[in-house]
Amino acid sequence: MSLFPFAMYQVLGRDPDSVFVKEMGRDVPRCEIFKALVMDPLEAVIEVDWRDFFPFFSWVPNSVEAKINAVHIKRKAIVSALIDEQRQLLSKGKPLNCYLDILLTEATHLTEHQLLMITWEPIIESSDTTMITIEWAMYEIAKNPVVQERLFQELNEVSGSKLVLEDDLPKLKYLTALVKETLRTYPPVSLIPPRHVDEDVQLGGFDVKKGWQVIINVYGINHNKETWKEPELWNPDRVLNDQSLDLGLQDYRAIPFGAGKRLCAGISQAMCIISMTIAHLVQHFEWRLLPEEQSTNVVDTVFLTTHRLYPLKAMAMPRIRSRLLSDKL
Ligand code: HEM
């Protein structure tokens, strides 16, 4: 399951099968675009450069640098090609219907590099984080039949035999609590990539020197034992009536979307897609873990965003056959 096509529609108003990249002298197919814009950068960003730990050896060449440069060069070539293609479409009269169209027509003060980066950013940001959260939530829902039943009852009470609509979301308090608790327990971005320190500052009682790099441990904050009782436990009830838990807007007990001026730009969209998807999955099906999933409480992850090492295996049993046949999304 990937939201890459959705991300492309949002940014480009279309999901191209391929794009001609002149630096590569060929058409690059969609699967390669996905790899170059999403998977390769996710891998590159967690490469460890041992020279960071021994700054006096920073002059020693390291293959990590070459690898990261290669990822950057390919990403730049592909995003530039997508932007050029969009410019051509606009010049032929394509109506404005997406994020890049607005950037190209209204944000004309941007440099080419800025344009490239802010075109790419929502593609990588929205392709996997939202999907990862849904997968973790479905894992817990399938593991906890009592929670699942309570959620199903709430969905029934609010929308009856109809499928939940976006307008219903404010009324679905338990669903919202469940999504928040999933983002607390399994933050998809568990470490915020390094921030360069521009000047000497004091942070949480520590002296942080100019030139250092700081990595924010979101997982550590969300699992802080001084804030949360049994932090490893996934329990929607703990946040059900906690109105102040806003996931980093003003309350910093759990910050899955970061915090401050670089706070995630897609919170509302993410919360809406996650909640709607879970609601529909639970309205249509009853979920149970497969035996191999039940046998362990530890689930390994890969990449910067907490992809499960092995995708979730669950059984989905249709709840009401007639509902599947009669209702429309
Ligand atoms: C569950 C889903 C998501 C999570 C957990 C998440 C998390 C984050 C985090 C941790 C950051 C970095 C904040 C920082 O650097 O301090 C971020 C930035 C960002 N996110 Fe999300 N994100 C999610 C979904 C989305 C979606 C759907 C979009 C859609 C457009 C999006 C767009 C962005 C953008 C543009 C930034 C950069 C903001 C900036 O640098 O000013 N995110 N996100």
Side-chain angles (χ1 to χ4, degrees), residues 1-13 15 37-38 41-42 45-46 75 79 98-103 107 110 113-140 166 169 175-198 203 213-223 234 239 245-279 301 303-308:
M1 188 164 71
S2 159
L3 290 177
F4 181 64
F6 165 82
M8 294 300 266
Y9 268 107
Q10 178 166 260
V11 172
L12 303 173
D15 180 22
L37 303 194
V38 179
L42 283 178
V45 84
I46 50 168
R75 172 187 65 170
V79 179
C98 62
Y99 172 67
L100 181 55
D101 291 349
I102 303 301
L103 290 180
L110 295 175
H113 179 68
Q114 287 169 333
L115 178 65
L116 191 133
M117 293 310 288
I118 65 171
T119 300
W120 166 73
E121 209 172 9
I123 297 178
I124 184 164
E125 301 280 7
S126 56
S127 287
D128 74 339
T129 45
T130 309
M131 176 273 287
I132 289 168
T133 314
I134 295 168
E135 193 176 13
W136 283 117
M138 291 313 296
Y139 165 67
E140 287 290 357
E166 276 182 41
L169 291 180
L175 174 64
T176 308
L178 185 151
V179 173
K180 283 185 176 178
E181 175 66 349
T182 305
L183 285 159
R184 184 199 67 79
T185 320
Y186 304 104
V189 185
S190 51
L191 295 175
I192 293 188
R195 292 294 208 285
H196 186 81
V197 180
D198 280 337
L203 195 62
Q213 294 187 54
V214 175
I215 297 177
I216 314 286
N217 184 352
V218 173
Y219 187 91
I221 292 170
N222 290 11
H223 287 240
W234 180 85
V239 300
L245 187 82
D246 59 16
L247 305 179
L249 295 173
Q250 292 181 343
D251 179 292
Y252 305 132
R253 285 173 294 159
I255 55 162
F257 296 104
K261 66 180 178 181
R262 303 317 296 258
L263 183 78
C264 172
I267 299 184
S268 314
Q269 185 188 97
M271 290 298 285
C272 177
I273 296 175
I274 296 165
S275 305
M276 290 296 287
T277 311
I278 295 171
T301 62
F303 298 135
L304 171 73
T305 47
T306 48
H307 281 254
R308 290 168 54 103

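In listed order, ligands and their atoms are each counted from 1. Each residue takes its place number in the sequence, starting with 1.
You'll find the side chain of D128 reaches within 4.5 Å of the side chain of M131, heavy atoms only. Residues T130 and T277 form no side-chain contact, since every pair of their non-hydrogen atoms from C-beta on lies 4.5 Å or further apart. Side-chain contact check for Y186 versus I132: every heavy-atom pair is 4.5 Å or farther apart. Looking at heavy atoms from C-beta onward, L178 lies in side-chain contact with W234 at the 4.5 angstrom threshold. The shortest side-chain heavy-atom distance between I123 and L12 does not fall under the 4.5 Å cut-off.
Counting only heavy atoms of the protein, atom 24 (C) of ligand 1 lies nearest to T129 OG1, 3.3 Å. Atom 35 (C) of ligand 1 has A265 CB, 3.8 Å as its closest protein atom, hydrogens excluded (heavy atom only). At the shortest separation from atom 36 (C) of ligand 1 among protein heavy atoms lies E125 OE2, 3.5 Å. In this structure, atom 6 (C) of ligand 1 lies nearest to the protein heavy atom F257 CD2, 3.6 Å. Atom 40 (O) of ligand 1 has R262 NH2, 2.8 Å as its closest protein atom, hydrogens excluded (heavy atom only). Of all protein heavy atoms, the one closest to atom 8 (C) of ligand 1 is C264 CB, 3.6 Å. In terms of protein heavy-atom proximity, atom 28 (C) of ligand 1 is closest to G266 CA, 3.6 Å.
Every atom of ligand 1 is numbered from 1 in the order shown, and the set under 4.0 Å from a heavy atom of G258 is 10 (C). Counting the atoms of ligand 1 from 1 in the order shown, those under 4.0 Å from a heavy atom of P188 are 5 (C). Close approach of ligand 1 to T130 (heavy-atom distance below 4.0 Å) involves ligand atoms 2 (C), 27 (C).
When non-hydrogen atoms are compared, ligand 1 lies under 4.0 Å from the side chain of E121 (C-beta onward) but not from its backbone. Only the side chain of Q269 comes within 4.0 Å of ligand 1, judged by heavy-atom distances. Of all the heavy atoms of V189, the ones lying under 4.0 Å from any atom of ligand 1 belong exclusively to the side chain. Residue contacts with ligand 1 for P256 involve N, CA, C or O but no side-chain atom from C-beta outward (heavy atoms, distance under 4.0 Å).
Aromatic ring pairs are classed by plane angle as parallel below 30°, tilted from 30° to 60° and perpendicular above 60°; the pair W136 and Y139 is perpendicular.
Of all the listed residues (T133, V11, I124), T133 holds the heavy atom that lies closest to atom 1 (C) of ligand 1. Compare L247, T182, I132, L263 by their heavy atoms: the one nearest to atom 38 (C) of ligand 1 is in L263.
Smallest separation of non-hydrogen atoms from V179 and S275: CG2-OG, 3.8 Å. Nearest heavy atoms, T119 versus Y99: CA-CE2, 4.3 Å.
Here the rule is side-chain contact (heavy atoms from CB on, under 4.5 Å) with L191, and of N217, V218, T306 only N217 fits it.
Residues in residues 248-275 take part in these salt bridge (Lys or Arg N to Asp or Glu O under 4.0 Å) pairs, two or more places apart or across chains: D242-R253, D251-R253.
At least one heavy atom of R195 sits closer than 4.0 Å to an atom of ligand 1.
At most 12 non-hydrogen atoms from other residues, nucleotides or ligands lie less than 6.0 angstrom from NE2 of H113.
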